[in-house]
Amino acid sequence: MSGKYTFLATSCKNCVNTECLVKRSVLTEQDDFFSSLKTEISCKKGQQFIIEGAPVNGLFFILKGKVKVYRTGINGKEQIVRFAKEGEIIGHRGFGTEEYYSIGAIALEDTVLCYYSKNSLQQKLKSNATFTYDMMLFYANELNRSEAKLKTISQMTVRERVVDSLLYIHRKFKDYNGFLNLQLSRREYADYAGTTEEQVIRVFSALKKESLIFTKGKKIGITNITLLKKEISEHNYYLDL
DNA sequence: TCATTAATCTGTA
DNA sequence: TACAGATTAATGA
């Protein structure tokens with residue numbers, strides 16, 4: 001971890017983030033002590049808060065903001081593993097037996113994170129079955145999604161992968177004023193879809209010509225989501241995760 | 001505001 | 001698919 005952090009202090013009790021696993025499962029037991037164990041970390045847009053290869057000491061929960069999780073590939077190319085929003089967990093793959101992070105994470109906008117040490121989490125997981133169960137469901141989902149993504153990358157054409165990425169961003173982050181509620185560069189789309197920047201640009205302009213999407217600078221809007229979904233589902237690769 | 005840097009797009013091999 | 005160059009947007013002093 002690097003850079004300057006701003007530390008705030010919000011109790012989980014007063015937290016507005018109802019999607020958070022800690023908020024949902026732990027606070028029901030009237031135990032505000034656990035929420036005092038967290039560290040609140042605020043990071044600016046573009047700031048990296050997990051570095052590949054750094055030792056794992058705990059787990060991050062996103063209180064507010066959006067994040068990308070990536071892994072550096074063979075030729076130094078960045079492969080984006082997933083995007084995450086409020087309430088999601090970051091760094092969980094290293095939580096069990098791994099000693100070092102196999103992924104890096106960067107804030108895509110100003111983000112506030114709640115950080116729990118390995119120790120305090122392990123204790124809570126052992127004593128609170130609801131929390132453990134919720135965590136298990138989360139891990140199962142992640143595994144499912146990551147296997148689906150492997151299929152996507154290995155079996156779809158470039159165009160299908162780009163369309164798939166757009167649909168993924170759409171169902172995860174929804175629209176805001178008609179545009180996707182997450183601004184990504186063409187390079188980031190490429191890194192997620194497993195292709196190059198130029199390919200993404202070309203697919204985007206093709207989709208624009210076909211009136212399936214529209215763009216305004218970095219902002220992208222989906223005109224016809226039904227047709228976009230159809231492109232993927234025709235090949236039976238579309239998974240609503 | 002202007003200059004510098006980054007991002008986007010197009011042409012071509 | 002990859003590279004180079006042109007154009008446009010974003011950033012910072």
Side-chain angles (χ1 to χ4, degrees), chain A residues 1-6 41-52 62 64-86 90 103-113 148-225 227-228 231-232 234-235 237-238:
Chain A
M1 289 191 285
S2 70
K4 49 238 172 265
Y5 295 123
T6 314
I41 297 167
S42 162
C43 50
K44 296 233 164 71
K45 180 179 181 178
Q47 187 174 353
Q48 183 173 31
F49 60 92
I50 297 178
I51 293 172
E52 285 175 286
I62 304 177
K64 189 179 179 304
K66 299 177 179 72
V67 158
K68 70 172 169 182
V69 179
Y70 67 92
R71 179 185 302 265
T72 304
I74 321 154
N75 36 20
K77 286 246 167 12
E78 187 173 284
Q79 166 73 60
I80 295 180
V81 179
R82 63 189 257 260
F83 295 97
K85 60 173 190 225
E86 288 87 4
I90 306 289
I103 49 101
I106 293 177
L108 292 169
E109 49 186 58
D110 291 355
T111 296
V112 183
L113 301 155
K149 182 160 171 51
L150 187 66
K151 192 173 170 183
T152 304
I153 292 220
S154 60
Q155 300 187 1
M156 282 186 181
T157 66
V158 169
R159 180 180 162 112
E160 286 164 345
R161 294 203 298 264
V162 172
V163 169
D164 183 72
S165 306
L166 284 170
L167 290 171
Y168 166 69
I169 298 299
H170 180 259
R171 58 179 183 271
K172 186 146 200 170
F173 297 95
K174 312 297 179 198
D175 291 320
Y176 182 74
N177 289 339
F179 293 99
L180 290 179
N181 194 18
L182 173 65
Q183 279 192 40
L184 293 173
S185 68
R186 313 289 142 121
R187 163 161 288 285
E188 283 167 325
Y189 275 105
D191 291 342
Y192 182 77
T195 179
T196 61
E197 202 172 340
E198 299 97 309
Q199 300 262 45
V200 170
I201 288 163
R202 291 199 154 97
V203 172
F204 277 3
S205 45
L207 292 174
K208 267 195 277 186
K209 267 188 194 146
E210 297 164 43
S211 301
L212 293 169
I213 65 167
F214 56 98
T215 62
K216 192 177 180 183
K218 279 182 87 170
K219 288 187 281 189
I220 297 166
I222 294 181
T223 318
N224 195 331
I225 190 145
L227 274 178
L228 276 182
E231 280 210 31
I232 309 291
E234 269 173 4
H235 299 266
Y237 294 142
Y238 179 73

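Residue numbers start from 1 in every chain, and the chains themselves are labelled A, B, ... in the order their sequence lines are given, proteins ahead of strands.
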Nucleotide by nucleotide, nucleotides 6-11 of chain B touches protein heavy atoms under 4.0 Å in the pattern (B base, S sugar-phosphate only, - none) --BBBB
Is the cationic atom of A:Lys149 (NZ for Lys, CZ for Arg) positioned less than 6.0 Å from the six-membered ring centroid of A:Tyr192 and within 45 degrees of its normal? yes
Hey, is A:Lys66 close enough to A:Glu109 for a salt bridge, meaning N to O under 4.0 Å? yes
Once rounded to the nearest 0.5 Å, what's the spacing between atom CD of A:Glu210 and atom OG1 of A:Thr223? 11.0 Å
Using chain A heavy atoms and a threshold of under 4.0 Å, write down where along DNA chain C the contacts begin and end, 5' to 3'. C:dT1 to C:dC3
Go through the side-chain N and O atoms of A:Gln48 and A:Tyr70 and say whether any donor and acceptor fall under 3.5 Å apart. yes
Find the distance between CD1 (A:Ile222) and NE2 (A:His170) and round it off to the nearest 0.5 Å. 5.0 Å
Just verifying a value: how many Å separate A:Ile169 CD1 and A:Asn181 CG, rounded to the nearest 0.5 Å? 10.5 Å
Closest-nucleotide ordering on DNA chain C, the 5'-leading residue of A:Gln183 and A:Val158: A:Val158
Exactly one candidate in A:Arg187, A:Lys68, A:Arg71 meets side-chain hydrogen bond (donor to acceptor under 3.5 Å, both in side chains) with A:Glu78; the answer is A:Lys68
Atom pair OH/OG1 of A:Tyr168 and A:Thr152 - distance to nearest 0.5 Å: 11.0 Å
